[in-house]
S.K.: 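Below are the structure tokens for one structure; questions will follow.
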Amino acid sequence: MKKLLVALTVAAMLAFAPLALAQDKIKLGFLVKQAEEPWFQTEWTFADKAGADLGAEIIKIAVPDGEKTLTAIDTLAASGAKGFVICVPDTKLGPAVKRKADSYGLKVIAVDDQFVNAKGEPMDSVPLVMMAAYEIGQRQGTELWNEMNKRGWKLEDTAAMVITAEELETARLRTSGSMKSLEEAGFPLANMYKVPTKTNDIPGALDAGNSLLAQHPEVKHWLIIGMNDNTVLGGVRATEGQRIAPENVIAIGINGVDAVNELSKPNVTGFLGSLLPSPDVHGYKTTEMLYNWVTKGDEPPAFTAVTDVVLITRDNYKEELAKKGL
Ligand code: GLA
């Protein structure tokens, strides 16, 4: 009987061994504010890829608001995760996120949007991986300027619609970089009209664009500036609503992956193209950094800027996306 019991116990242990191994896999969270944006879906895909390469399990959770963010951290801790990468829905949640993570001993890396403290200052205590926002904004301004010259537009007939989200530092940097490079190229600052969007999506930017267009019926040609594809697309939709012909609009987005639908439309719109940074690198690199931090104690640098960017248009978007495996 005793022998039988031992044999059964050994058999049971063997049977459950693979399960035990699977449970030993390191778990890491990847939390994003707008899971509906292809940008963040791409980060998730590449976080999973890094997880597969490193032998870690990635727990992906959408965190559209503060409450869901804090609950997600509880969920991660309960499931035995060792840390997480996060793009917060509101950068002012930074201190609360950090406090909760610390209380569970979880490591945190911020991606895309930097945490700010109660005074609104950047929280350098949390490692950050972010696109080189000001430079990418400058590139947006340069490309708009080049295209308006190619079309032979006169400065006196042209204005820029600048859809802003100044409470988000990466957005403020992008739109101010864009305005600065336009200004340096010779575009009058007085013809750049700023309008804030209430939400960082197409409907919010559409409302903002509509209110601006209503104030400037005299403008013949429009350049559209915004912090990402959806903001710029909202501006384009506003011009269409006001029956401004697409040939009188030049809009260039940022994110690239969120512009694929628009660029694959058979009809040409005022949306010329998008600056594609590296959502793949954001997803992969942050996950790898977090893994190395958790398993080897390698603390990531306080700030990692992701710089490479390419302009995708109707002509080249398929090849450019394929080059990055997107
Ligand atoms: C912000 C924007 C996103 C994307 C990322 C890129 O989070 O909301 O759309 O542009 O930055 O870092």
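All values reported here derive from a predicted model rather than from experimental measurement. Just so it is clear, the values below take in all heavy atoms, side chains as well, and ignore hydrogens, waters and symmetry mates.
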S.K.: Is there a side-chain hydrogen bond (donor to acceptor under 3.5 Å, both in side chains) between Thr269 and Arg314 once you walk through the steps?
M.R.: CA-CA 10 Å; Thr269 68; Arg314 286 178 180 75; 3.2 Å; yes
S.K.: Salt bridge check, Asp48 against Lys60: does any charged N sit closer than 4.0 Å to a carboxylate O?
M.R.: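 Asp48 and Lys60: salt-bridged.
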S.K.: State whether the number of non-hydrogen atoms from other residues, nucleotides or ligands found under 6.0 Å of Lys285 atom NZ is greater than 12.
M.R.: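 Atom NZ in Lys285 is not crowded, with 12 or fewer foreign heavy atoms closer than 6.0 Å.
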S.K.: Same cluster or not: are Leu212 and Val162 linked, directly or through other Ile, Leu, Val, Met, Phe, Trp or Tyr residues, by side-chain heavy atoms under 4.5 angstrom apart?
M.R.: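 Yes.
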S.K.: Quick one, Ile312 and Leu263 - any side-chain contact, counting heavy atoms below 4.5 Å?
M.R.: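 Ile312 reaches Leu263 side chain to side chain.
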S.K.: Side-chain contact, heavy-atom cut-off 4.5 Å: Gln34 with Pro64?
M.R.: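 Gln34 does not reach Pro64 side chain to side chain.
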S.K.: Ignoring hydrogens and angles, tell me if any N or O in the side chain of Thr287 forms a donor-acceptor pair with the backbone of Ala50 under 3.5 Å.
M.R.: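 No; zero donor-acceptor contacts below 3.5 Å.
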S.K.: So Glu169 and Thr91, do their side chains get closer than 4.5 Å, heavy atoms only?
M.R.: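 In short, these two side chains do not touch, never coming nearer than 4.5 Å.
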S.K.: More than 12 foreign heavy atoms under 6.0 Å from CG of Asp298: is that the case here?
M.R.: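 Yes.
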S.K.: Name the one of Ile86, Asp102, Leu290 that satisfies side chain to side chain contact (heavy atoms under 4.5 Å, CB included) with Val108?
M.R.: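 Only one of Ile86, Asp102, Leu290 forms a side chain to side chain contact (heavy atoms under 4.5 Å, CB included) with Val108, namely Ile86.
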S.K.: With a 4.5 Å cut-off on side-chain heavy atoms, are Thr304 and Leu128 touching?
M.R.: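 Not in contact.
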S.K.: Checking side chain to side chain contact (heavy atoms under 4.5 Å, CB included) between Leu233 and each of Asp258, Ile224, Ile202, which is the one that passes?
M.R.: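 Single pass found, and it is Ile202.
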S.K.: For the pair Gln140 (side chain) and Gly226 (backbone), establish whether a donor and an acceptor sit closer than 3.5 Å, ignoring hydrogens and angles.
M.R.: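 Looks like yes, one N/O pair under 3.5 Å.
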S.K.: Taking side chain as C-beta onward, heavy atoms only, is Leu106 less than 4.5 Å from Ile73?
M.R.: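 With C-beta onward as the side chain, the pair touches.
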S.K.: What class does the angle between the rings of Trp222 and His216 fall in, given that below 30° is parallel, 30 to 60° is tilted and above 60° is perpendicular?
M.R.: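 Perpendicular.
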S.K.: Once rounded to the nearest 0.5 Å, what's the spacing between atom CG of Leu223 and atom CD of Glu143?
M.R.: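 With rounding to 0.5 Å, CG (Leu223) is 12.5 Å from CD (Glu143).
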S.K.: Among side-chain atoms of Thr231 and Arg174, is any donor-acceptor pair under 3.5 angstrom?
M.R.: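 Not at all, the side chains of Thr231 and Arg174 share no donor-acceptor pair under 3.5 Å.
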S.K.: What pair of heavy atoms forms the shortest contact from Gly325 to Phe46, and how long is it?
M.R.: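 Closest approach of Gly325 to Phe46, heavy atoms only: O-CZ, 3.7 Å.
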S.K.: Quick check: are there more than 12 heavy atoms from other residues, nucleotides or ligands sitting under 6.0 Å from NZ of Lys324?
M.R.: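 Yes, the 6.0 Å shell around NZ holds more than 12 heavy atoms from other groups.
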S.K.: CE/Met192 to OG1/Thr175 distance, rounded to the nearest 0.5 angstrom?
M.R.: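 Rounded to the nearest 0.5 Å, the CE-OG1 separation comes out at 11.5 Å.
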S.K.: Using the rule that two of Ile, Leu, Val, Met, Phe, Trp, Tyr join whenever any of their side-chain heavy atoms come within less than 4.5 Å, decide whether Met148 and Leu311 are in one cluster.
M.R.: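 Yes, it is one cluster - the side chains of Met148 and Leu311 are joined through contacts under 4.5 Å.
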S.K.: Assess whether salt bridge (Lys or Arg N to Asp or Glu O under 4.0 Å) is satisfied between Lys150 and Glu147, documenting all intermediate values.
M.R.: CA-CA 5 Å; Lys150 217 191 268 174; Glu147 181 66 20; 3.5 Å; yes
S.K.: Answer yes when Lys194 and Glu166 have at least one side-chain N-carboxylate O distance shorter than 4.0 Å, and no when they do not.
M.R.: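 Salt bridge flag = yes for Glu166 with Lys194.
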S.K.: Please indicate whether Glu218 has more than 12 foreign heavy atoms, meaning atoms of other residues, nucleotides or ligands, lying under 6.0 Å from its CD.
M.R.: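 Count over threshold, so yes.
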S.K.: With a 4.5 Å cut-off on side-chain heavy atoms, are Lys98 and Val126 touching?
M.R.: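 SC-SC contact between Val126 and Lys98 confirmed.
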S.K.: Output yes when Lys323 and Glu319 qualify as a salt bridge under the 4.0 Å nitrogen-oxygen rule, no when they do not.
M.R.: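 Here Lys323 does not pair with Glu319 in a salt bridge, since their nearest N and O are not under 4.0 Å apart.
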S.K.: Say whether Ser181 and Gln138, considering side chains only, have a donor N or O and an acceptor N or O under 3.5 Å apart.
M.R.: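 No, no side-chain donor-acceptor contact under 3.5 Å.
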S.K.: Hydrogens and angles aside, do Ser278 and Asp308 bring a side-chain donor and acceptor to less than 3.5 Å of each other?
M.R.: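 Checked: Ser278/Asp308 side chains pair up, N/O donor to acceptor below 3.5 Å.
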S.K.: May I ask you to decide if Leu213's main-chain N or O and Gln242's side chain share a donor-acceptor pair within less than 3.5 Å?
M.R.: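 Answer holds: no.
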S.K.: Measure across Leu275 and Val309 and return the closest heavy-atom pair with its distance rounded to 0.1 Å.
M.R.: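 So the two residues come closest at CB-CG2, 3.6 Å.
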S.K.: Which of these, Asn255, Ile163, Asn200, Val232, sits in a side chain to side chain contact (heavy atoms under 4.5 Å, CB included) with Met227?
M.R.: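 For Met227, the side chain to side chain contact (heavy atoms under 4.5 Å, CB included) test succeeds with only one of Asn255, Ile163, Asn200, Val232, which is Asn200.
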S.K.: Between Asp113, Val63, Leu31, which is the residue that forms a side chain to side chain contact (heavy atoms under 4.5 Å, CB included) with Cys87?
M.R.: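 It is Asp113; the other options fail the test.
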S.K.: Taking all non-hydrogen atoms of both residues, which atom of Trp44 and which atom of Ala35 are closest, and how far apart?
M.R.: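 Residues Trp44 and Ala35, closest heavy atoms: CH2-CB, 3.8 Å.
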S.K.: Find out if a path of hydrophobic residues (ILVMFWY) with successive side-chain heavy-atom gaps under 4.5 Å connects Leu321 to Val281.
M.R.: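 Same cluster.
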S.K.: Quick check on the hydrophobic clustering: are Leu189 and Tyr134 connected, directly or via other members, by side-chain heavy-atom contacts under 4.5 Å?
M.R.: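 In one cluster with Leu189: Tyr134, no.
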S.K.: Restricting to non-hydrogen atoms, name the atom on Pro95 and the atom on Val116 that form the minimum distance, rounded to 0.1 Å.
M.R.: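 Closest approach of Pro95 to Val116, heavy atoms only: CD-O, 3.2 Å.
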S.K.: If hydrophobic clusters are built from ILVMFWY residues whose side chains come within less than 4.5 Å, do Val249 and Phe187 share one?
M.R.: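 Same cluster.
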S.K.: How close do Ser274 and Gly256 get, heavy atom to heavy atom, and via which atoms?
M.R.: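 Shortest heavy-atom contact: OG-N, 2.8 Å.
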S.K.: Checking Gln114 against Thr170: is there a side-chain donor and acceptor pair closer than 3.5 Å?
M.R.: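 Side-chain D/A pair, Thr170 to Gln114: absent.
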S.K.: Can you list every ring-ring contact (aromatic ring centres under 6.0 Å, His included) pair that touches residues 145-168, not counting sequence neighbours?
M.R.: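 Residue pairs with at least one partner in residues 145-168: Trp153-His221.
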